[in-house]
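On a predicted model such as this, the values are computed, not experimentally measured, just so you know.
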Amino acid sequence: MIPILLLSNNIDEIKTVSKICQNNELMFIFVDNEEQFRNILLNEKIIVSIVSSSLSKDPKKLIEDLRESGCNTSFIYIGDKSFEKARLLLKAGYYDYLSHDYEEYELESSINEAVENVFAFEKIKSLSENLEQTNKDLLKKTEELENEKKNLGLHIETLNKIQQFVKEISINKDINQIVSITLKYLNEKFGDRIIFFTLIEDFTETIAGTCNISKSVVENITFDLKDLKASPWATIILEQKSNIYIESPLEDEWYRESKIIPFFPYGFAKYPLISRGKVFGTITIALKAGDKRELEKDETFIFFLSEHAAIAIDNLKLHKELLDTIDNLQKTQEQLIEQEKITTLGKFAVSVNHEINNPLCSISLNIEILKRSFCDLNNEQVKKIFEAIEKNIDKISSITNKINNMKKIVTKEYLPGIEMLDFDNN
């Protein structure tokens, strides 16, 4: 039930208000002490309060004090007929002003309207609070969207840089160019930090390029990755293939003796260059005092750069291996062809021995027989014929011997565009 509070000591007034409350199913409470009236209003939720002039010396101050304390009750004042006083109290915050000679229906109407007024006020207040909360939520959402928009812009900018980096690095077939381009992009991102680009081969890490420190200062420095005291990051980089952040190396017994510390006294972050599960090197970036989070924010950028740099290096090595393989295959092919030629030549020599030397031997024997038959003839012409035949037999025999002893195939020009075997240089 809706509570109605009356401040009055007038019996007739108390009866009238009680009757009105009973008829309208309202809860009726009355007090005859202003202090008690204040306490109830400040500690209970009273919808409508009726103040009788007989118990309120200063109704204006009463309502001002109560309103200041957070009381939202609708106040009805019953007092003498006075237009000026009525105007003053209504202006001060009273909902209605009735004279002592009011009619019952007037008070009843005023109470019901005051109840409706309170509910309407609370509804408006609730709507206002909801609207205010909605506005706050909208402002918060707007801020979140602005931040998302800003972050999206940064992501797009980062992706554009990475895309540009990939284009530049993909057309280079020289490892020094790959190192140089990667360092250029890192330097643009991280300003004056010292940066190392290292290459790893057979458990030896070599500095291939630097930013913000001359490479000549570090060109003779290498890190033995089998020696964990000299290179304590080796296990994490080579086996776990993970990033590593060293924030206070001078306080770490594993790191303070390493050759890397003079260049990174405040600490460093190392990122492995990985392609096809193999680590080809690292990117090492200096930390500034307590700024590990700054580098962690840019891990995506560093990851893409290191990944594509590793792929470029891997492709370069694969390309070299492919060229070496092709070269070896060509040499092997040439050797096989040469071997096939030698084999064929051997077969040719055997054929020559069989097909030429045997008949030649028979011819030689027959010439000897003929010479004996004509030995008594003193015929110079016949002698010259025999000598010519023997000379040619010797020449043919010499050629077959050269063919038999050939170890390689050498040719010489016989006629323009026509070559023949060079027996003298074989």
Flag for E205-T282: side-chain donor and acceptor within less than 3.5 Å: yes
Short side-chain donor-acceptor distance under 3.5 Å, N117 and E113: no
Check: N212 side chain, G191 main-chain N or O, donor-acceptor pair, under 3.5 Å: yes
Could you give the side-chain donor-acceptor pairs of residues 248-256 under 3.5 Å, partners two or more places apart or in another chain?
from, atom 1, to, atom 2, distance (Å)
D252, OD1, W254, N, 2.8

Residues, nucleotides or ligands: over 12 heavy atoms within 6.0 Å of E68 CD: no
Intermediate values then yes/no, side chain to side chain contact (heavy atoms under 4.5 Å, CB included), V279 and I237: CA-CA 8 Å; V279 180; I237 295 294; 4.0 Å; yes
Enclosure of F263 CZ (heavy-atom neighbours >12, cutoff 6.0 Å): yes
Modelled atom types, side-chain donor and acceptor of E108 and N23, under 3.5 Å: no
Set of residues satisfying salt bridge (charged side-chain N to carboxylate O under 4.0 Å, His left out) with respect to D314, sequence neighbours excluded: R276
N-O pairing of K288 and E294 below 4.0 Å: no
Those residues that, when tested against D202, pass salt bridge (charged side-chain N to carboxylate O under 4.0 Å, His left out) (two or more places apart): none
Aromatic ring proximity Y245/F268, centre distance under 6.0 Å: no
Under 3.5 Å side-chain donor-acceptor pair for Y266 and E247: no
Side chain T134, main chain N130, donor-acceptor under 3.5 Å: yes
Spatial distance of atom SG (C211) from atom CD1 (I194) [nearest 0.5 Å]: 10.0 Å
Within the 6.0 Å centroid threshold, strictly below: Y95 and Y77: no
Pair T210-K215, side-chain donor/acceptor within less than 3.5 Å: no
N/O donor-acceptor pair under 3.5 Å between D227 side chain and K229 backbone: yes
Short side-chain to backbone donor-acceptor contact, S231 and D224, under 3.5 Å: yes
Donor-acceptor pair, side chain of S180 and main chain of N176, under 3.5 angstrom: no
Q333 atom CD, neighbour heavy-atom count above 12 within 6.0 Å: no
Stacked cation flag K189 on F301, 6.0 angstrom / 45 deg: yes
Residues, nucleotides or ligands: over 12 heavy atoms within 6.0 Å of E299 CD: yes
